[in-house]
Amino acid sequence: MKQHKRIVDGTTVLVNVVETPDELPALHRFLDGKPLVGVDSETTGLDIYSDGFRCRLVQFGTDDESWVVPVDKGGEFRYAARHALKNINRMVLQNASYDLQVFDRALGVPMETLWPKVIDTSILAHLTDPRGVKEGGVGLSLEDLTRHHIDPDVADEVKGLMNVLRLQHKTTKAHIWKIIPLDDPQYELYAGIDPVLAFRLYRKLMPLVPGESKNLIRQEHELAAVCSYIERTGFLLDIEYTEELSQRFRDVEEAHLWTARELGCENIFSTEQLADTLESRGHTITEFTPTGKRKVDEALLGTLAAGGDELAQAVVKAKKARKWRTTWCDRFLAGADSEGRCHASINPLQARTARMSITGIPAQTLPAGDATIRRCFLSDPGQVMASVDYQAQELRVLAALSGDQTMIRAFQRNEDLHQITADASGVDRKIGKMVNFAYVYGSGPRNIAEQGGIEVDVARKVIAGFEKKYPKVKELSQRLQKQAVATGYITTPFGRRLPVDRERPYSALNYMVQSSSRDITAQALLRLHEQGGTRFVRLPIHDEVLASVPQEKAVEAAGWIGRVMATEFKGVYIGTDPEVGGRSWGSLYGSDY
DNA sequence: CAGGTTAGCACC
DNA sequence: AAACGGTGCTAACCTG
C-alpha cells in the first residue's frame with residue numbers, strides 16, 4: 001500500500017492508496033462504524049452517459065485520513081467500493097448528484113439507495129451564501145469553498161493540478177482524466193484530499209447556514225435527488241429528424257456564406273470585418289458598444305436587410321442557420337447516449353435566487369416562437385408529451401407577497417391584470433403587460449420607455465399609475481429595499497436568505513418574487529415525486545413541468561400533474577394549465593408530430 | 001493551448 | 001430621481 005501525506009490547514013492528512021486486494025480489509029476497518037464519511041470519485045470525464053465512460057477511483061475520507069480505491073482495476077476493487085458505499089451510514093459529498101450518477105451508471109449502485117444518507121456541501125454553501133465569486137460571494141465550487149473556508153494554498157494547488165498533469169503527460173484538458181496513469185502520485189494525492197475537503201467543509205458550513213434556512217436543508221437534498229433521477233432518465237432524441245435538420249441548416253448557411261464572400265466579406269462572424277464591409281457598401285454605423293467598437297447587431301442588420309441590402313440579408317440568414325445548427329442540433333446529437341437519450345444537467349440551486357439552471361439540453365433558452373427545435377425531442381414509445389405550467393406564476397406570487405387587494409381580487413375574479421394596469425394610465429394592453437413584468441424586474445422609466453417604444457414621460461406616468469393602482473406592491477418593494485440596505489440581505493417566506501448588493505437595492509423585489517416562485521415549483525416537484533410522478537417528468541423549466549405520459553391516459557395524467565402542482569401561497573391560489581400534445585415536444589408549439 | 005472577457009442571441 | 005432581475009451558449013478576441 002502506498003501512502004501520501006499533505007498538510008491541510010495545519011493538520012497532516014494521510015492518504016492511503018489501495019494497490020492490492022489484500023489491502024481491502026484495512027479499508028473496511030477504516031470505514032467500519034464511522035458515523036460520517038467524505039466521498040468523491042475520479043472519472044474519465046463528465047459525460048457520464050456516453051459509451052466508454054468509466055469511474056476510475058473512489059475515495060473515502062475523514063478530516064485527516066483518506067483511502068483511494070482504484071475501481072478501474074475491476075474485480076475485487078469495484079466490489080469493495082460498492083460494498084463500502086452501501087454500508088456507509090452518512091456520506092458527505094460536494095455536488096453529490098454527479099458522483100451518485102457515476103456510482104449508479106458505472107458501479108451499479110442505485111442512486112435511490114444512497115441519496116437518503118447524503119449530505120451535499122454545495123447545498124449548504126448555497127444556503128449560506130448563494131453568490132458566485134464574480135458577484136462578491138465566496139463561490140460554490142470545491143475550489144472556491146476550500147480557498148475561503150479551509151486552506152487557500154490547497155485551493156490554488158487543486159486549481160493548478162490539471163495543468164501540471166496535462167503538461168507532464170503531454171496531453172490536453174479534454175484527455176488528461178482518461179489517460180492519467182492510476183498510480184500517478186499527484187493524481188492519487190489530490191484524489192485522496194478531495195473527500196477530506198468535503199468532510200471538513202461540512203463541519204465548517206453547517207453552523208453557517210442561517211437558522212431560518214435550516215428547513216431548506218432537507219428540501220434541497222430531496223430536490224437534488226429528484227433532479228438527479230430526471231437527469232438519469234434522459235429525454236428521447238429524434239436522431240433522424242435532428243440529423244436532417246442539422247444538414248438543412250448547414251446547406252442554408254453555406255449558400256449565404258457564399259453570397260457574403262462574393263459581396264466582399266470573408267468572415268461574417270467577425271464583427272470588425274462585417275462592419276468594414278458594410279461601411280464600404282455605403283452604410284454608416286452610428287451605434288457603438290460600451291468598449292467603443294462599432295455595433296453590428298440584429299437591429300442594425302435587420303434594418304439594412306429590410307432596406308434591401310443583399311449582404312445584410314445573407315448575414316442574417318447565415319447567422320441564424322449557424323446558431324441553430326451548432327447550439328441546438330449538433331449539441332443534441334453529440335450528447336445523446338447509445339439509446340438515443342439526452343441527459344440534461346440540472347442544477348437545482350444555481351442562481352442567487354436559487355433558480356434552477358439546465359444545461360446540456362439548454363431547455364430554458366430554446367426558441368419558443370417556433371416548434372422546429374423542440375421537435376427534436378420525443379416522448380417515450382407509447383407516450384405523448386404533456387406540459388403543465390403555472391398560470392401567471394410570478395405575478396400571483398407578487399400579489400401574495402405584497403397582499404395587494406386589487407391584484408389579489410383581479411386574480412380571484414379571473415380579470416385581465418394587464419388590461420387593469422393599462423387602464424390605470426390609459427395606455428394599450430401591450431404596454432400594461434410589459435410594465436407588469438418590467439416593474440418586477442426593477443426597470444426604470446428610461447428602460448420601460450425603450451422597451452415599450454414610448455416616451456420617457458409616458459413611461460413615468462405608467463409607473464406612477466401602476467404604483468397607485470397596486471399600492472401594496474410599492475410598499476413591499478420599499479420595505480425590501482430598506483431591509484436590503486440595512487442588513488445586506490432579504491429573507492423569503494421559505495426561509496431563504498438572499499444577499500442584495502447595496503448599490504442595486506431595487507433588485508430586492510425581483511429577488512423575492514423570483515426566489516419564491518422557484519420554491520413553489522421546487523415544492524411541486526417534491527410533491528410529484530412523493531406521489532410517484534418523477535418517472536414521467538422530462539424537465540422542470542421555471543414555472544413549468546414537461547412530461548412524457550402514457551398516450552391512453554394522457555389527459556388524465558396531465559390533469560393529475562396539474563392538480564398536484566397547483567397550490568396556495570399566502571392565501572393566493574396559484575393554478576396550473578395542463579396541456580397534452582403528440583409524440584414530439586414541438587407538438588406543444590404547433591408542430592404536427 | 002487554456003482561460004477570461006465582450007458581444008450577441010435565446011428564454012422566463 | 002432613478003435604478004432591467006435571472007439563466008445558457010457560441011464566436012471572436014486578447015492574454016499568459
Give one of base, sugar-phosphate or nothing for [X], where a contact means two heavy atoms less than 4.0 Å apart.
X        : answer
A/Lys319 : nothing
A/Arg460 : sugar-phosphate
A/Val296 : sugar-phosphate
A/Phe437 : nothing
A/Thr172 : sugar-phosphate

Distance test, side-chain N/O of [X] to OP1/OP2 of [N], below 4.0 Å:
X        : N     : result
A/Gln350 : C/dG8 : yes
A/Arg446 : C/dA2 : no
A/Arg331 : C/dG8 : no

Length of the [atom1]-[atom2] vector between [X] and [N], whole Å:
X        : N      : atom1 : atom2 : answer
A/Lys320 : B/dA10 : NZ    : P     : 9 Å
A/Ile176 : B/dC1  : CD1   : P     : 15 Å
A/Leu167 : B/dC1  : CG    : P     : 12 Å
A/Asp519 : C/dG6  : CG    : P     : 17 Å
A/His175 : B/dA2  : NE2   : P     : 10 Å
A/Phe332 : C/dG8  : CZ    : C1'   : 12 Å
A/Glu503 : C/dG5  : CD    : P     : 12 Å
A/Arg131 : C/dG5  : CZ    : P     : 16 Å

State yes or no: are the ring centers of [X] and [Y] separated by less than 6.0 Å?
X        : Y        : value
A/Tyr390 : A/Phe569 : no
A/Tyr470 : A/Tyr439 : no
A/Phe249 : A/Trp328 : no

Counting C-beta onward and ignoring hydrogens, is there a side-chain heavy-atom pair between [X] and [Y] closer than 4.5 Å?
X        : Y        : answer
A/Arg375 : A/Tyr241 : yes
A/His256 : A/Val315 : no
A/Asp543 : A/Ser517 : no
A/Arg322 : A/Arg250 : no
A/Asp297 : A/Leu300 : yes
A/Thr567 : A/Gln523 : no

Protein heavy-atom contacts under 4.0 Å, written 5' to 3' over nucleotides 11-16 of chain C as B (base), S (sugar-phosphate only) or - (none), form the string SSS---
Atom CD of residue position A/Glu455 - does it have more than 12 heavy atoms of other residues, nucleotides or ligands inside 6.0 Å?
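No, the 6.0 Å shell around CD holds no more than 12 heavy atoms from other groups.
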Determine, for A/Glu254 against A/Arg261, whether the closest basic-nitrogen to carboxylate-oxygen distance falls under 4.0 angstrom.
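A/Arg261 and A/Glu254: not salt-bridged.
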Angle between terminal axes - the helix from B/dC1-C/dG16 to B/dC12-C/dG5, 5 pairs each end, rounded to 10°
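The helix from B/dC1-C/dG16 to B/dC12-C/dG5 shows an end-to-end axis angle of 10°.
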Can A/Arg341 be said to sit on top of A/Tyr49's aromatic six-ring, NZ or CZ under 6.0 Å from centre and within 45° of the ring axis?
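Not flagged: A/Arg341 not positioned over aromatic ring of A/Tyr49.
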Whichever of A/Thr327 and A/Pro505 has its nearest DNA chain C nucleotide further upstream toward 5'
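Taking each residue's closest nucleotide, the earlier one in sequence belongs to A/Pro505.
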If you measure from the ring centre of A/Tyr506 to the centre of the six-membered ring in the base of C/dA3, is it under 5.5 Å, with the planes under 30° apart?
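Not stacked by the 5.5 Å and 30° rule.
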From the set C/dG6, B/dT5, C/dA3, return the single nucleotide nearest to any side-chain atom of A/Lys134.
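Among C/dG6, B/dT5, C/dA3, the one nearest the side chain of A/Lys134 is B/dT5.
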Nucleotide nearest A/Asn510 (side chain, heavy atoms from C-beta), chosen from B/dC9, C/dG5, B/dC12
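The answer is C/dG5.
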Check each residue of residues 351-372 of chain A for a non-hydrogen atom within less than 4.0 Å of any atom in DNA chain C, then write out the ones that pass by number, or none.
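Heavy-atom cutoff 4.0 Å gives A/Ala351, A/Arg355, A/Ser357, A/Ile358, A/Thr359, A/Gly360, A/Pro362, A/Thr365.
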A/Tyr187 and A/His169: ring-ring contact (aromatic ring centres under 6.0 Å, His included), yes or no, with the steps?
CA-CA 12 Å; A/Tyr187 181 56; A/His169 296 275; 9.0 Å; no
